[in-house]
Number of protein chains: 2
Amino acid sequence: MNVQVEASPGIESPKRTAILDAATDLFVEQGYGAVSMDAIARAANVSKATLYAHFASKDALFATIINEACRARMLPDDFAAGMALDPCGDVRPSLVALGRRLLGFLLEPRSLAIHRVVIAEGARFPELGRAFFENGPVKTCAALGAWLARQHEAGRLTIGDPLVAADHLIGMLKPGLFLRATLGIGDPPTQAEIDATVEHAVSAFLRAYGPGCVQGR
Amino acid sequence: MNVQVEASPGIESPKRTAILDAATDLFVEQGYGAVSMDAIARAANVSKATLYAHFASKDALFATIINEACRARMLPDDFAAGMALDPCGDVRPSLVALGRRLLGFLLEPRSLAIHRVVIAEGARFPELGRAFFENGPVKTCAALGAWLARQHEAGRLTIGDPLVAADHLIGMLKPGLFLRATLGIGDPPTQAEIDATVEHAVSAFLRAYGPGCVQGR
DNA sequence: GTCTATAGAAGGATAGAC
DNA sequence: GTCTATCCTTCTATAGAC
């Protein structure tokens, strides 16, 4: 099932926008299989025929939407903004701020929903998995790695391989809360839980990568 | 959609076993939506009526199977065995061995498939998410935490909170390879990649939690 | 472009014979 | 318990009028 993503999303029309908006919410919230074209048409106040006038098939509509969602919503702006700043003295406050932004973003309902959908339909739409991976984790890791490398230059951290270090920081931020939230178990994480997780992760990260750490063991 | 898991799986019958075997492979491999009762009946060499004689509905069959898969296949036996041994001198080789077993297990096709299915259908079957979480991550983390705590007692590591430390080790093992494999991007990880990831994770973990580390910063 | 109405296929579930 | 044959619903996709 090799469905091409809509090639020319250029033409704007009210109906088309309504379709995209409605379908995005439905698909992201409920997944591919659970959403019917009828439901999309109803939610968009459009007939099914109009739907098919704009999109060749359900597959094409889904692929277009999820692809766009991956591209548009992956890297939080204020995270990128944080990356632009270098700390004056101690790196710890910067790391805590970055960790809080990143974990908070990952735990947002919309982020979790996209993550779920991409994993769920990865077998049917391999190109979506790649779009998600390239626009999300890869970009985030690269940005964080570059920032870490700059701190190494400045003598504020001791980073061997920036990408590995970025993976380790992100990896220590995620467990517990993220998996629980992805599976929808228990109550949503509180800000206090997020803060505690970030504190633990940053502390461990600084012990492993702080100034004066010896990498070669 | 609150589907009860089969209450009495006690009675063994050849047909029933054939159904369970066939359906397990299909569901785990392709997910709930993509598998039809027709396909299951065909794969099990059984009529659809027989299917419904043994299981009340597709939902019930699915829930029974995934629940069982979560319970049976979660914690690798040789991982548990490794937990029983305490290292003689340096902990590093033990950590590397444990990390290799755990990461290798997580990357097995069957493990990845279960992980995908549980995340995909988590909204429709909340009890499956819980079954997976309790039998998989929670048990693994508890076992690893207990082992880490023992190493702390023996002065081989410096562990503040064992569960947090276990989360951090597992978190540093997973990124990169695990997400890529879950999304099915690129080639499956090679043993060399696995080994390198484990080495990096264990090195960072030992810098953060090795003997003589000061926790309170 | 947009609608109403419908064709055509697939899937979940069951009736009734053995 | 097991089978064959079938019902009924739902879904994707399209035909034809405006």
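Chain letters run A, B, ... following the sequence lines, proteins first and then strands; every chain starts at 1.
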Exercise. Could you give all pairs that pass the side chain to side chain donor-acceptor pair (under 3.5 Å) test and reach residues 170-189 of chain B, with sequence neighbours left out?
Worked result: none

Dump the pairs, protein N or O against N or O of nucleotides 11-15 of chain C, anything under 3.5 Å, distances to one decimal.
residue	atom	partner	partner atom	Å
C:dG12	OP1	B:Lys58	NZ	2.7
C:dG12	OP2	B:Met37	N	2.6
C:dG12	N7	B:Lys48	NZ	3.2
C:dA13	OP2	B:Tyr52	OH	2.8
C:dA13	OP2	B:Lys58	N	3.1
C:dA13	N6	B:Lys48	NZ	2.5

Problem set entry | Nearest-Å distance for atom pair CZ/P, residues A:Phe62 and D:dC11 | 17 Å

Problem set entry | ring pair (Phe, Tyr, Trp, His ring centres under 6.0 Å) against A:Phe205, all qualifying residues, sequence neighbours excluded | A:Tyr209

Seminar exercise, completed: Applying ring pair (Phe, Tyr, Trp, His ring centres under 6.0 Å) to A:Phe62 and not counting sequence neighbours gives A:Phe27, A:Tyr32, A:Phe125

Problem set entry | Spacing of A:Leu61 atom CG relative to D:dC11 atom C1', expressed in whole Å | 15 Å

Exercise. Reckon B:Thr50 has a side-chain N or O less than 4.0 Å from the OP1 or OP2 of D:dC3?
Worked result: yes

Could you list the donor-acceptor pairs under 3.5 angstrom formed by side chains in residues 40-48 of chain A, with sequence neighbours left out?
residue	atom	partner	partner atom	Å
A:Ser47	OG	A:Ala49	N	3.4
A:Ser47	OG	A:Thr50	N	3.3
A:Ser47	OG	A:Thr50	OG1	3.2
A:Lys48	NZ	A:Asp38	OD2	3.4

Seminar exercise, completed: In this structure, CG of A:Leu95 is separated from CG of A:Leu173 (nearest 0.5 Å) by 9.5 Å

Exercise. Given atom NE2 of A:His54 and atom C1' of D:dA13, what is their separation to the nearest angstrom?
Worked result: 16 Å

Problem set entry | For A:Phe178, ring pair (Phe, Tyr, Trp, His ring centres under 6.0 Å) partners two or more places apart | A:His115

Exercise. When the distance from CG of B:Leu51 to C1' of D:dG1 is rounded to whole Å, what number comes out?
Worked result: 13 Å

Problem set entry | Atom-pair distance (CZ on B:Arg16; P on D:dT2), nearest Å | 11 Å

